[in-house]
Amino acid sequence: MENKRVRVRFAPSPTGGLHMGGVRVALFNYLFAKKHGGDFILRIEDTDQTRFVAGAEEYIINSLKWCGIEPNEGVGFGDGPHAPYRQSERKEQGIYKKYADQLVASEHAYYAFDTSEELDEMRKRLEAAKVAAPQYNAVSRQNMRNSLTLSEDEVKRLLEAGTPYVIRLKVPRNEEIRFHDIIRGWVVVNSSQVDDKVLLKSDGMPTYHLAHIVDDVEMKISHAMRGEEWLPSAPAHILIYRYLGLEDQMPQLAHLPLILKPDGNGKLSKRDKSGLPMFPLNWSDPRDNTDYVGYKETGFFPEAFINMLVLLGWNPGDNKEIMSKDELIQLFSLERINKAGAKFDPEKTKWFNQQYLRKKTDEELADLFMPMLKEQGFEVKKDFAVKVCKLVKEKAHFVTEFWSLGSFLFITPETFDAGVLEKRLNPQTHGFIAELKNALNDVSNFNAIDTEAALKATCEKTGIATGQIMQLFRVALTGLAGGPSLFETMELIGKEETIKRLNFFLEKNKV
RNA sequence: GGCCCGUUCGUCUAGGGGUUAGGACGCGUCCCUUUCACGGACGAAACACGGGUUCGAUUCCCGUACGGGCUACCA
């Protein structure tokens, strides 16, 4: 068991868009599998028919693809030796019922016929009696309608009459359950804290508790990584493995810390004030009729998104922060995962994207930017787009900012920064701009070097220091108080446009 | 409420019985610069609290506080 092939799975239920917390669980599984040359499986846990959301499964698959953390086995990824990988389909094959029946036969599970009204009543009764943890368990089951309290004949009669029933796990009254978690070490819980979990629902579907165990064993999963929210039910799972005689095939457990909200308390939810997305891709949720924006559409690179996520709760042990997927695979280890939940930091998330933005070549950026330019109505040649990217990227965190940062390269400014005008515009500087315009008009080879020379010459001629007029010149040319090199800007927009802009400025701002 | 898990700068974290407690984001100052940004330098900023154990605890143990999770025929 110790040395069996590494096989891990990501097993979401298709009840909505895949949240970034889910992406991180998938990521950890992926990295671990790749690190050990193992398999990464996508299993769809669609056992709750009432919460099923159409399109969710496809969304999950597309998200994993965009993130570059693709399973090599499972739904949407070519299936594999353990198909089907959808639990609803596996249920049709009777896989889960078989195990549930085995548990009943060995008297570790039983039939329960209680209606939801009866269950409600029981809880109310227990609450009224000030029972600390009102639950269906070794004590309360004695007052309920199940195969433990009913006569054999009665049970048989109910079953034959088609009375709805569930199968529940018979949890012992007072027994220590201990299990080892790779991240948390030994955890001990008394069985009195564990309720008699429903294993098989009245619609014949298994619950998560039964289904994931059956599938993990049948699919030969070696390590089960999942969110910390599963820790409280882990003891029940241990019992199921044990009663099924499958303890030696149990995967090693690792309960991952949760991602917490940036401000305030609690775990991350679908919508957050931080302004950053919670989903990898745009997601239209049919349940609350809301459109959620994705990291992709916000302009994030998948590498940056992944890099940010992996460092929420894990680190390589040195101070390295920017890591490629291959490096992550190389460096990843479960032992270095933290125990405590991590607050998600929007500012640092943007910083990650900026780091990746700077690593891209201008050509790569141009490929991304040109479609956005086209949307704005500007179709330009690639080499021009490359030059624009080179100028505009310095300040940006996202390619999606390029347009607002560089629109002045395409659109002649009609308004001018009022603050600079007030501070710098006077008859002398106005005259200077006019003088400069003429000098620029005489530049035959209109490149950054020659235009800069023209400016220097004009400064010397008029006796005005460069620092005195650059700001105004910038505003005259771009309308803005800040931006990339003016000489590069002029080279890009060309002589004709430069002169035209300066004329317009001089005309509009007479003093 | 009960049970479980956790707690190092504001945030992500390194470290670990004796350290000037390290890095990153963000913030501030300065340098570079025509501006904004980038880059560089510097700075402010943390071991939740109380008891033990120990020559010595931020590190180990126990409490407390605080935070998180769970408490469904949901996963």
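Letters A, B, ... are given to chains in the order of the sequence lines, protein chains preceding strands, and every chain is numbered from 1. The analysis underlying the following values was restricted to heavy atoms, covering all of them including side chains, and did not include hydrogens, waters or symmetry mates. Here the structure is a predicted model, which is why all the values come from computation and not from measurement.
Within the 4.5 Å cutoff, no side-chain heavy atoms of Gln330(A) are placed close to those of Met323(A).
The gap from the P atom of A37(B) to that of C5(B) amounts to 48 Å, rounded to the nearest Å. For the P atoms, the distance from C47(B) to U7(B) is 16 Å, rounded to whole Å. U29(B) and G63(B) have their C1' atoms separated by 45 Å, with the value rounded to a whole Å. Spacing of P atoms, C9(B) relative to C49(B), comes out at 10 Å, to the nearest Å. Annotation: G68(B) and C12(B) have their P atoms spaced 13 Å apart (nearest Å). The gap from the C1' atom of U8(B) to that of A45(B) amounts to 12 Å, rounded to the nearest Å. When the C1' atom is used for both C70(B) and U53(B), the distance is 35 Å, rounded to whole Å.
Counting non-hydrogen atoms under 4.0 angstrom, Val187(A) reaches the backbone sugars and phosphates but no base.
For Glu488(A), there are no side-chain hydrogen bond (donor to acceptor under 3.5 Å, both in side chains) partners two or more places apart in sequence or in a different chain. In this structure Tyr208(A) satisfies the side-chain hydrogen bond (donor to acceptor under 3.5 Å, both in side chains) test together with Arg226(A), sequence neighbours excluded.
Atom CG of Leu391(A) and atom P of C36(B) are 17 Å apart (whole Å). Between Arg184(A) atom CZ and G68(B) atom P the separation is 15 Å, expressed in whole Å. Between the P atom of C3(B) and the CZ atom of Phe179(A) lies a distance of 16 Å, rounded to the nearest Å. Atom CZ of Phe352(A) and atom P of A24(B) are 12 Å apart (whole Å). Rounded to whole Å, atom C1' of A37(B) lies 16 Å from atom NZ of Lys350(A). As rounded to whole Å, 16 Å separates atom C1' of C36(B) from atom CD of Glu488(A). Protein atom CH2 of Trp186(A) is 14 Å distant from nucleotide atom P of C5(B), rounded to whole Å.
Taking the ring centre of Phe505(A) as origin, the terminal cationic atom of Lys437(A) falls outside the region bounded by 6.0 Å and 45° from the ring axis.
When Tyr110(A), Tyr136(A), Tyr165(A), Tyr111(A) are each tested for a side-chain hydrogen bond (donor to acceptor under 3.5 Å, both in side chains) with Asn146(A), only one passes: Tyr136(A). Checked options Asp196(A), Asp195(A), Asp114(A), Thr149(A); the residue passing with Arg141(A) is Asp196(A) (criterion: side-chain hydrogen bond (donor to acceptor under 3.5 Å, both in side chains)).
Between Phe28(A) and Trp314(A), the ring centre distance reaches or exceeds 6.0 Å. Between Phe300(A) and Phe305(A), the distance separating the two ring centers is not shorter than 6.0 angstrom.
At distances below 3.5 Å, at least one donor-acceptor pair connects side-chain atoms of His430(A) with backbone N or O atoms of Leu506(A). Counting only distance, with no hydrogens or angles, the side chain of Lys339(A) and the backbone of Ile183(A) share a donor-acceptor pair below 3.5 Å. In terms of modelled atom types and a separation under 3.5 Å, the side chain of Ser13(A) and the main chain of Thr15(A) share no donor-acceptor contact. Looking at Ser147(A), its side chain never comes within 3.5 Å of a backbone N or O of Val155(A) through a donor-acceptor pair.
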Please produce a list of atom pairs where a protein N or O lies less than 3.5 Å from an N or O of nucleotides 38-42 of chain B.
residue, atom, partner, partner atom, Å
C38(B), O3', Arg358(A), NH1, 3.2
C38(B), O3', Arg358(A), NH2, 3.0
G39(B), OP1, Arg358(A), NH1, 2.7
G39(B), OP1, Arg358(A), NH2, 3.4

Using a cutoff of under 3.5 Å, can you pull out all pairs of nitrogen or oxygen atoms linking the protein to nucleotides 70-75 of chain B, with atom names and distances?
residue, atom, partner, partner atom, Å
C73(B), OP2, Arg168(A), NH2, 3.2
C73(B), O2, Ser202(A), N, 2.8
C73(B), O2, Ser202(A), OG, 2.8
C73(B), N3, Ser202(A), OG, 3.0
C73(B), N4, Asp114(A), O, 3.2
C74(B), OP2, Lys201(A), NZ, 3.2
C74(B), O2', Asp48(A), OD2, 2.9
C74(B), O2', Arg51(A), NE, 3.3
C74(B), O2', Arg51(A), NH2, 3.0
C74(B), O2, Arg51(A), NH1, 3.3
C74(B), O2, Arg51(A), NH2, 3.3
A75(B), OP1, Thr47(A), OG1, 2.9
A75(B), OP1, Lys201(A), NZ, 2.7
A75(B), OP2, Tyr208(A), N, 3.4
A75(B), O3', Glu45(A), OE1, 3.3
A75(B), O2', Ser13(A), OG, 2.8

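The distance from the CZ atom of Arg474(A) to the CG atom of Leu472(A) is 11.5 Å, given to the nearest 0.5 Å.
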Sugar-phosphate means primed atoms, P, OP1 and OP2; the rest is base. With that split, encode nucleotides 29-35 of chain B 5' to 3' as B, S or - using protein heavy atoms under 4.0 Å.
-----BB
Can you give one letter per nucleotide of nucleotides 7-14 of chain B, going 5' to 3': B for a protein heavy atom under 4.0 Å from the base, S for sugar-phosphate only, - for none?
S---BSSS
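Partner assigned to C70(B) is G2(B), using Watson-Crick or G-U wobble distances below 3.5 angstrom.
His237(A) and His209(A) have tilted rings, their planes meeting at an angle from 30° to 60° on a 0 to 90° scale.
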